[in-house]
Amino acid sequence: MKTISENACFGGTQGVYSHASDACACEMTFGVFLPEEAKDGPVPVLWYLSGLTCTHENAMTKAGAQAWAAEHGIALIFPDTSPRGDDVADDEAYDLGKGAGFYVDATQQPWAPHFQMWTYVTKELPALIGENFSIDMTRQGITGHSMGGHGALTMAMALPEQYVSVSAFAPICNPTAADWGRKQLGAYLGDDETTWAAHDATLMMERSGFNGPVLIDTGTNDQFIDLLKPEALAAAIATKRQQAIVRLQPGYDHSYFFVSTFMEDHVAFHAQALYAE
């Protein structure tokens with residue numbers, strides 16, 4: 001693991017690091033915020049998964065999460081959204097390839113050799129974090145924005161023993177029924193749509209739900225709301241009688257102005273669950 005930068009931040013440290021990823025077969029970069037309490041022992045952690053076109057840096061610099069994480073004494077992890085490098089397959093479209101890994105393990109060419117983001121985020125990077133930082137990996141929450149909200153919800157429902165709590169900002173809720181989803185799942189996983197269901201939060205909610213608290217915010221003025229389909233997930237939550245808070249925030253769009261506005265709520269939501277463990 002290489003240290004790219006470390007900066008004092010709200011009494012703690014915001015670091016950026018890179019390492020050679022076995023899962024993605026390339027160099028991967030990620031950010032870690034450690035609150036001051038980490039100097040005295042391991043602290044719980046909140047993962048933040050970013051959306052289409054983003055890297056580890058977007059939320060790290062624009063979401064305002066560190067101030068609230070410092071207040072509650074929890075760490076933050078900001079993974080990248082996809083593999084990077086000259087040898088990594090890409091596409092001319094912004095919503096496929098680099099910056100658009102969709103948090104799945106690709107099985108199709110040319111994506112399969114590098115696009116193993118599910119394994120990277122749920123297995124490889126947590127192991128690396130646990131070995132190198134003062135973080136309690138038995139107390140993990142996960143959140144994300146847009147494509148990252150999709151990733152957070154699906155990972156939490158698939159791995160309830162790993163995540164205590166889950167939240168999402170404007171998540172892609174029903175990708176098997178939306179243009180943000182069918183294109184990517186078809187490209188990465190192939191034409192057999194039965195394999196897509198494991199990466200659709202609405203279908204997963206209908207089937208299994210999540211054994212813990214859920215918080216979801218979406219703006220009523222989100223320019224992509226027809227692609228996100230929050231109503232599908234809300235219906236599944238109601239049918240499942242899932243413990244959840246689902247909010248439509250009047251006037252807000254899809255931007256980081258929206259994310260930063262409600263970040264305090266989300267960090268506090270996770271902190272309450274993580275410290276109850």
Side-chain angles (χ1 to χ4, degrees), residues 47-54 58-59 62-63 65 79 81-82 93-97 99-104 117-118 121 142-158 165-189 193 196-210 213-240 242 244-263 265-266 269:
W47 292 77
Y48 183 100
L49 307 185
S50 288
L52 288 167
T53 74
C54 294
N58 295 72
K62 296 195 291 187
T81 55
S82 67
Y94 76 93
D95 58 355
L96 192 68
F102 240 73
Y103 302 104
V104 302
M117 289 302 296
W118 181 279
V121 171
I142 189 166
T143 188
H145 174 229
S146 193
M147 178 184 75
H150 140 80
L153 290 167
T154 56
M155 288 175 178
M157 284 188 276
S165 52
V166 61
S167 74
F169 300 87
I172 300 172
C173 297
N174 193 193
T176 63
D179 288 342
W180 269 2
R182 293 190 62 82
K183 172 183 177 179
Q184 294 84 356
L185 295 175
Y188 295 140
L189 301 180
E193 296 190 19
W196 301 2
H199 298 284
D200 185 307
T202 296
L203 300 181
M204 295 178 75
M205 180 61 68
E206 292 173 351
R207 185 175 69 248
S208 60
F210 178 65
V214 178
L215 171 62
I216 299 170
D217 279 313
T218 304
T220 60
N221 282 9
D222 192 307
Q223 57 270 47
F224 305 112
I225 198 165
D226 290 338
L227 296 170
L228 304 177
K229 294 189 176 295
E231 67 281 359
L233 181 56
I237 287 170
T239 300
K240 189 66 177 177
Q242 167 73 44
I245 301 168
V246 180
R247 307 187 297 194
L248 289 174
Q249 300 292 359
Y252 285 89
D253 60 14
H254 200 70
S255 70
Y256 267 92
F257 296 111
F258 156 68
V259 173
S260 60
T261 298
F262 298 101
M263 182 58 70
D265 290 356
H266 283 246
F269 164 82

Next on the checklist: Test of understanding: with side chain to side chain contact (heavy atoms under 4.5 Å, CB included), list the residues that count as partners of A177, not counting sequence neighbours.
Outcome noted: N174, K229

Item to check | Counterpart residues, ring-ring contact (aromatic ring centres under 6.0 Å, His included), relative to Y48 (two or more places apart) | outcome: none

Next on the checklist: To the nearest 0.5 Å, what is the distance between NE2 on H199 and CH2 on W118?
Outcome noted: 5.5 Å

Next on the checklist: Taking the side chain as everything from C-beta on, heavy atoms only, tell me whether R182 gets closer than 4.5 Å to W196.
Outcome noted: yes

Item to check | Positive for side chain to side chain donor-acceptor pair (under 3.5 Å) with S167, one of D265, T143, D217 | outcome: T143

Item to check | Contact check, side chains of L215 and R247, non-hydrogen atoms, under 4.5 Å | outcome: yes

Checklist entry - How far apart are the C-alpha atoms of S50 and N58, what are their side-chain angles, what is the distance that settles it, and do they pass the side-chain hydrogen bond (donor to acceptor under 3.5 Å, both in side chains) test? => result CA-CA 7 Å; S50 288; N58 295 72; 5.6 Å; no

Checklist entry - Take atom CG in N221; do more than 12 heavy atoms of anything else shown fall under 6.0 Å from it? => result yes

Checklist entry - Is there side-chain contact between L153 and V166, with at least one heavy-atom pair below 4.5 Å? => result yes

Item to check | F169: which of H150, H266, H145 passes ring-ring contact (aromatic ring centres under 6.0 Å, His included) | outcome: H266

Item to check | From L248 atom CG to I216 atom CD1, the distance as rounded to the nearest 0.5 Å | outcome: 10.5 Å

Checklist entry - Does atom OH of Y94 have more than 12 heavy-atom neighbours from other groups under 6.0 Å away? => result yes

Item to check | For the student: nearest non-hydrogen atoms of H254 and D222, plus distance | outcome: ND1-OD2, 2.6 Å

Next on the checklist: Any heavy-atom pair between the side chains of S146 and W180 that's under 4.5 Å?
Outcome noted: yes

Checklist entry - Roughly how far apart are L233 CG and I172 CD1, rounded to 0.5 Å? => result 12.5 Å

